[in-house]
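Worksheet: the structure to be examined is printed underneath.
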Amino acid sequence: MKKVAIITGSTRGIGRSTALHLGQLDYQVVVNGTKQELVDKVVQDIKGTGGVAMGFVANIANPIAVTKMIDAVMVQFGRIDVLIHNAGNLHDQKCLRMTDKEWQSVLGVHLNGAFYSIRRVLPYMEESGGDIILMTSTAGLGGSIGQVNYSAAKAGILGMTWTLAAELKRYNIRVNAISPAALTDMTRPVIEHIKNKYASKNEPFPDYWKVGEADDVARFVGRLLAQQDPDLTGEIFGVNGSKVTSWQKPIPTFSENNIDAFFTTWQSRKGSE
């Protein structure tokens with residue numbers, strides 16, 4: 001029987017590309033978004049190429065809506081094999097000016113939405129196994145000025161990935177995360193701003209901001225799901241075009257046996273790395 005893949009936030013960008021790609025790979029795809037017309041369009045596109053898809057409009061930050069979506073998927077397909085939590089939003093602001101609403105909105109979609117979705121699909125993955133893929137970011141891996149809400153949410157995704165990979169391995173459920181670099185509706189304004197900034201100074205556009213396409217990430221997702229290794233779990237992958245990077249868990253850099261020695265060593269190491 002064809003596998004079923006739920007992709008949150010799949011009406012545009014990386015989510016849409018992944019939905020279309022998995023449809024071509026013979027998955028039964030569940031398209032999710034917050035606007036009916038956009039959900040319907042992606043479903044039609046998948047069906048137009050011979051794929052199988054259903055759509056469900058739900059705000060992934062609402063646990064009741066997520067429950068209704070998972071229930072509907074089980075009624076329609078009777079199984080869930082893959083969950084890809086791609087839904088995201090931005091409310092960028094320096095911390096001093098960030099409102100509680102801006103903080104809660106971003107944490108709600110990225111982090112709470114991940115938990116709500118995972119918690120509700122697990123009962124249907126316990127017996128047969130499956131894959132959970134979460135989207136993180138370099139903002140979560142290294143921080144990003146003006147994005148304390150987004151950075152915190154994406155750092156939370158890292159902890160969730162490592163914890164659940166260990167917790168769920170006994171059920172043959174793999175949990176991995178992707179830090180994508182791709183030109184999408186969400187990243188385009190930032191990249192255009194940076195392009196203009198460097199152009200105004202007559203400086204070359206940094207290679208760091210030269211990113212791939214959403215389709216590159218979709219292809220990686222397809223290949224990741226095709227891997228049969230049960231030990232391929234708890235990994236963080238950076239994907240930028242054809243370049244794939246494996247990110248390592250944080251490790252201790254140095255230790256000292258007393259406080260004074262610690263700060264002496266810290267001072268001596270400062271700027272040396």
Side-chain angles (χ1 to χ4, degrees), residues 4-23 27-48 51-77 80 82-93 98-121 132-137 139-140 147 149-150 152-154 156-157 160 177-178 180 182-190 214-215 217-218 221:
V4 175
I6 300 173
I7 308 169
T8 69
S10 47
T11 58
R12 58 184 184 172
I14 291 170
R16 180 180 184 276
S17 291
T18 303
L20 294 172
H21 186 61
L22 293 189
Y27 283 83
Q28 300 177 106
V29 180
V30 180
V31 178
N32 161 257
T34 57
K35 295 181 179 180
Q36 187 71 59
E37 63 273 20
L38 297 181
V39 169
D40 291 343
K41 179 63 168 63
V42 179
V43 169
Q44 291 168 7
D45 289 343
I46 293 171
K47 291 181 175 179
V52 177
M54 70 169 280
F56 199 95
V57 176
N59 177 358
I60 220 70
N62 182 334
I64 296 173
V66 176
T67 298
K68 290 180 178 178
M69 179 175 71
I70 301 306
D71 289 347
V73 172
M74 289 304 296
V75 169
Q76 179 75 18
F77 295 122
I80 298 171
V82 176
L83 169 67
I84 301 172
H85 179 53
N86 174 77
N89 63 343
L90 290 175
H91 288 289
D92 293 350
Q93 189 63 268
M98 183 170 290
T99 66
D100 292 348
K101 185 177 180 180
E102 289 169 336
W103 169 266
Q104 291 163 359
S105 175
V106 172
L107 269 289
V109 173
H110 292 271
L111 196 56
N112 293 348
F115 171 75
Y116 298 148
S117 302
I118 293 167
R119 175 63 185 84
R120 284 153 180 79
V121 302
I132 297 170
I133 298 175
L134 307 174
M135 293 296 172
T136 185
S137 168
Q147 291 188 308
N149 47 6
Y150 183 73
K154 291 307 192 183
I157 290 292
M160 186 177 285
I178 297 173
L183 191 63
T184 66
D185 291 346
M186 200 160 72
T187 62
R188 187 174 287 105
V190 177
D215 287 349
V217 182
V221 169

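- Across His110 and Gly88, no two heavy atoms sit closer than the pair CE1-CA, 3.3 Å.
- Taking CG from Asn32 and CE from Met69, the interatomic distance works out to 5.0 Å, rounded to the nearest 0.5 Å.
- Not counting sequence neighbours, the partners of Ala61 by the side chain to side chain contact (heavy atoms under 4.5 Å, CB included) test are Asn59, Val109.
- Not counting sequence neighbours, the partners of Asp45 by the side chain to side chain donor-acceptor pair (under 3.5 Å) test are Arg16, Lys41.
- The only option from Ile14, Ile178, Val82 that meets the side chain to side chain contact (heavy atoms under 4.5 Å, CB included) definition with Val221 turns out to be Ile178.
- Atoms CG and CZ, on Asp71 and Phe56 in that order, are 8.5 Å from each other to the nearest 0.5 Å.
- The minimum heavy-atom distance between Phe77 and Val52, with the atom names listed, is CE2-CG1, 4.0 Å.
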Original post:
Are Asn86 and Thr18 close enough, and set up right, to give a side chain to side chain donor-acceptor pair (under 3.5 Å), and what steps lead you there?
Top reply: CA-CA 10 Å; Asn86 174 77; Thr18 303; over 6 Å; no
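- Taking the side chain to side chain donor-acceptor pair (under 3.5 Å) definition, one finds that Thr8 meets it with His85, sequence neighbours left out.
- Every residue meeting the side chain to side chain contact (heavy atoms under 4.5 Å, CB included) condition with Gln76, not counting sequence neighbours, appears here in chain and number order: Met54.
- For the atom pair Leu83 CG and Ile133 CD1, the distance stands at 9.0 Å (nearest 0.5 Å).
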Original post:
What's the verdict on side chain to side chain contact (heavy atoms under 4.5 Å, CB included) for Val106 and Leu90, showing C-alpha distance, side-chain angles and the deciding distance?
Top reply: CA-CA 6 Å; Val106 172; Leu90 290 175; 5.7 Å; no
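- The two residues Ala114 and Ile157 come nearest to each other via the heavy atoms CB-CD1, 3.8 Å.
- Take Ser17 and apply the side chain to side chain donor-acceptor pair (under 3.5 Å) test, not counting sequence neighbours, and it matches Asp215.
- For Ser105 (side chain) and Lys101 (main-chain N/O), no donor-acceptor pair under 3.5 Å exists by modelled atom type.
- We find the OG-CD1 distance between Ser117 and Ile6 to be 8.0 Å, quoted to the nearest 0.5 Å.
- Summarising the geometry, atom NE2 belonging to His21 is positioned 10.5 Å from atom CD1 belonging to Ile7; distances are rounded to the nearest 0.5 Å.
- In this view, Gln36 and Asp40 satisfy the side chain to side chain donor-acceptor pair (under 3.5 Å) rule, not counting sequence neighbours.
- Contact detail for Ala19 and Val42: the closest heavy-atom pair is CB-CG1, 4.2 Å.
- Atom-to-atom distance recorded for Lys154:NZ and Thr136:OG1 is 6.0 Å, nearest 0.5 angstrom.
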